[in-house]
Amino acid sequence: MSGDSYSVILVHSTSHAMRIEKLLGERGVACKMIPVPRQISSDCGVCIRILQQDVEPARRAVAAAIEIQGIVPIQGGLR
Amino acid sequence: MSGDSYSVILVHSTSHAMRIEKLLGERGVACKMIPVPRQISSDCGVCIRILQQDVEPARRAVAAAIEIQGIVPIQGGLR
Amino acid sequence: MIYFDNAATSWPKPPCVVEAMMHFMAEVGANPGRSGHRLAVEAARVVYGAREAVAQVLNAPDPLRVVFGANATEGLNLALHGLLRPGDHVITSSMEHNSVMRPLRVLARNGVELTVVGCSPQGILDPDDLERAIRPTTRMIALIHASNVTGTVLPIAEAGHIAREHDTLFLVDAAQTAGAYPIDVHADAIDLLAFSGHKSLYGPMGTGGLVIGDRVDVARLTPLKQGGTGSRSEHEEQPGFLPDVCESGTPNAVGLAGLAAGARWVMARGVEGIRAHQMALTEELLRGLESITGVTIYGPRDAQRQTATVSFTIAGMETSEAGLRLDDDYGIMCRVGLHCAPAAHRTLGTFPAGTVRFGLGGFSSTEEVATAVDAIAALARKAS
Amino acid sequence: MIYFDNAATSWPKPPCVVEAMMHFMAEVGANPGRSGHRLAVEAARVVYGAREAVAQVLNAPDPLRVVFGANATEGLNLALHGLLRPGDHVITSSMEHNSVMRPLRVLARNGVELTVVGCSPQGILDPDDLERAIRPTTRMIALIHASNVTGTVLPIAEAGHIAREHDTLFLVDAAQTAGAYPIDVHADAIDLLAFSGHKSLYGPMGTGGLVIGDRVDVARLTPLKQGGTGSRSEHEEQPGFLPDVCESGTPNAVGLAGLAAGARWVMARGVEGIRAHQMALTEELLRGLESITGVTIYGPRDAQRQTATVSFTIAGMETSEAGLRLDDDYGIMCRVGLHCAPAAHRTLGTFPAGTVRFGLGGFSSTEEVATAVDAIAALARKAS
């Protein structure tokens, strides 16, 4: 996995993150809950990490159901 | 038991009744929680039934610890 | 032993409920929505699962608008104290539980205008009376879905329609019905629905809450409590979004694990199926009690128009004595007295003496009903 | 797997806690304080037992003045919203959790005067600063007993003395200390003490509450909710006596069964014994972390002056990354970030980056501490 690049979906609340996890799971988009990288501002302590290549499918899966704060790429370390 | 006569200790709340049950138990006074006889007014749905002969020991056991609404004799049926 | 106190809390619970709670205690255990580690995330999943399961039973469109609290009472207080302001007018019925009447009496002392629409001696509400009570300042109609005393079902679909037409919020107290009687938050135009988790949703005590519809302006909803939510942790101000705004402090995650299992159990059996089973038993209980000389039944006396809760009195025997004898001599557990609903008992004409209440549940049986009817017949004979 | 998130909720729980909950679900099950039948009475006994057990741990004189709610947050909200009125002055510290700060911000917008007394960068409060903040209108001093970020213990005995001298109420947030640190409500002149049931009292989530001393005029205490209490059922007004005035709706009886078992387990081990065990572990953790180049520890760095909660950062590594690596690579579960306590992090100088928090508990071991210290050493090496 070390060569992969990632983005994170930023949300208001852990409850929102759980809803998104469910929506992505139903569409076969792999994701993982991680603590929000501190250089990124967010309302919530956790965010949803996805593969960079899944950003658009994820955006579509989430769009109608729930308001998010954004999807931003992350660097390196947060494997 | 059918020949015994009883009184009931009337309380504000079931929590108070439980405290009294404990206090009486510590002093060896037998008691039983029963629904408050309807001709008797009480704040609470349950009261503590004791043998008529235990009224004074019960009064002493309870006096310092908790405010009660009264101790009144009951007739017949509520065995 | 016959447990006919399901209107207070259902018992026993389905085995899956207890198993879900045990699993949570042993294998999950962490605080949901606070930390980001694996157990905390798993706990958050459990809590979110409860939101989805409850939303599904009630046909509520958005699980994130299901907010949890200690019980239906907290849900009702959140809706009433959270939305009503001095000068607002609120309408309720004369069949309400004290979980609605007591908050409304406090609000009425603080400038909220209150109208209590009378119901018939069977506890039946005429929707026309409701509509006539509406004023330009009416901000909310608050109705119990089914009486906790007589089981009488109130016309919430009609009431929802009236509320929508007059652009007022509609709050339903579904403590007695959620899981036991078909509810469609969406179709019935319900803006706020308070539910109990530990009655007909078969979760443990300590669970309940409020479904908040999209006509409710969350920015105008004042929560009962503020505190840590795991969100907007940089801010000393309460977050403004659902469900966090209404859920401060550590939630009852183990209870919600049980509630999720209970609500799924209800979905698997089907609310319609549960309702059919309980209607049949209620019909048997009503017919059995009707056949006993000296027994007076309150409410509609029609299983189609009530839940599986039946209230009655026995001529010549106080309700308190009936309760004690049923417990001591017959092993039948029920609730006697006023059931925290003095307004309802006034409406029924049973104040202050009260009634004996049998609350059947999902595990009640024909045999139990027959045994209980025989017990009442024996008590009535002795009392006459 | 190492669970170092006990400051959020303790895990695992003692086996007796889970057993008490199971026993309740299987054998008791009824709604306490509502009906008069045998199971309802037994449930009421269980709930009362929890009041006694909690009162005993805290040396609170009257178990009927222990009121239960969903969590410590509810206890704090009850004390703050229930007693403070516009024009009242309230003093708190700069180390508070949002469970105190968020209600106070709401109250401050509504006319309550608020003073936040600053603490040192170690989170230490000088009692003289507290006393200097007192005004003639000061109605309450509200202090966290020990910081949920650094474990720093605040001088509550001195603060209680000051409050008593100036005839103002003293509220203690004991979420982090009840059960883990000696507390004497009576001797320390504490008028109001909010406790968490699911942390160091080892009960399940969904339990907590407020101990209300006899200097608090209950007639002036406005409850957060009104509703059915099983008492004064003839009345549509909330009863005025404790604990009923503050406990509307069905209580979390199964949770309280667990809390009673947890509090008794604490009493059997002894708070002093638990404290000694945790001090020893905290000392090992502090000395271990101090020896690692690049690690900065916040708070007093002295096990005598803090609970078993330790906050630190690693040079060159964000707290969020440290949290993820500890979980993924080492199986260590902790909480990173701001811990719902932005004021405390501002005081410590760790805002907005936050810290890594290790919260040790009653089941933590020397081996776990050593493993965790090694893990941090490895992360610090990689990051440098």
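Remember, predicted model here, so these are calculated numbers, not experimental data. Below, chains carry the letters A, B, ... as their sequence lines are ordered, and counting in each starts from 1.
Within the 4.5 angstrom heavy-atom criterion, no atom of D/H345 approaches chain C. Heavy-atom distances place the side chain of D/N71, and not its backbone, under 4.5 Å from chain C. Contact of C/N77 with chain D is made through the side chain alone, with heavy-atom distances under 4.5 Å. Heavy atoms closer than 4.5 Å to chain D are found in the backbone of C/E27, but not in its side chain. Heavy atoms closer than 4.5 Å to chain C are found in the backbone of D/V28, but not in its side chain. Proximity to chain D is absent for every atom of C/A175, based on heavy atoms less than 4.5 angstrom apart. Contact of D/K225 with chain C is made through backbone and side chain together, with heavy-atom distances under 4.5 Å. Residue C/T207: no heavy atom, backbone or side chain, is found under 4.5 Å from chain D. The contact between D/N252 and chain C is made by backbone and side chain atoms together, counting heavy-atom distances below 4.5 Å. Interface remark: D/T222 contributes no atoms to any contact with chain C (heavy atom separation under 4.5 Å). Both the backbone and the side chain of C/R232 come within less than 4.5 Å of a heavy atom of chain D. Within the 4.5 angstrom heavy-atom criterion, only backbone atoms of D/A26 (N, CA, C, O) approach chain C.
You'll find the side chain of D/R335 stays beyond 4.5 Å of the side chain of C/N31, heavy atoms only.
Across all non-hydrogen atoms, the minimal contact from D/G230 to C/C340 is N-SG, 3.5 Å. Taking both residues in full, the closest heavy atoms of C/A343 and D/E236 are given as CB-OE2, 3.3 Å, listed atom of the first, atom of the second, then distance.
Among the candidates C/G323, C/G337, C/P251, the residue making the largest number of heavy-atom pairs closer than 4.5 Å to chain D is C/P251.
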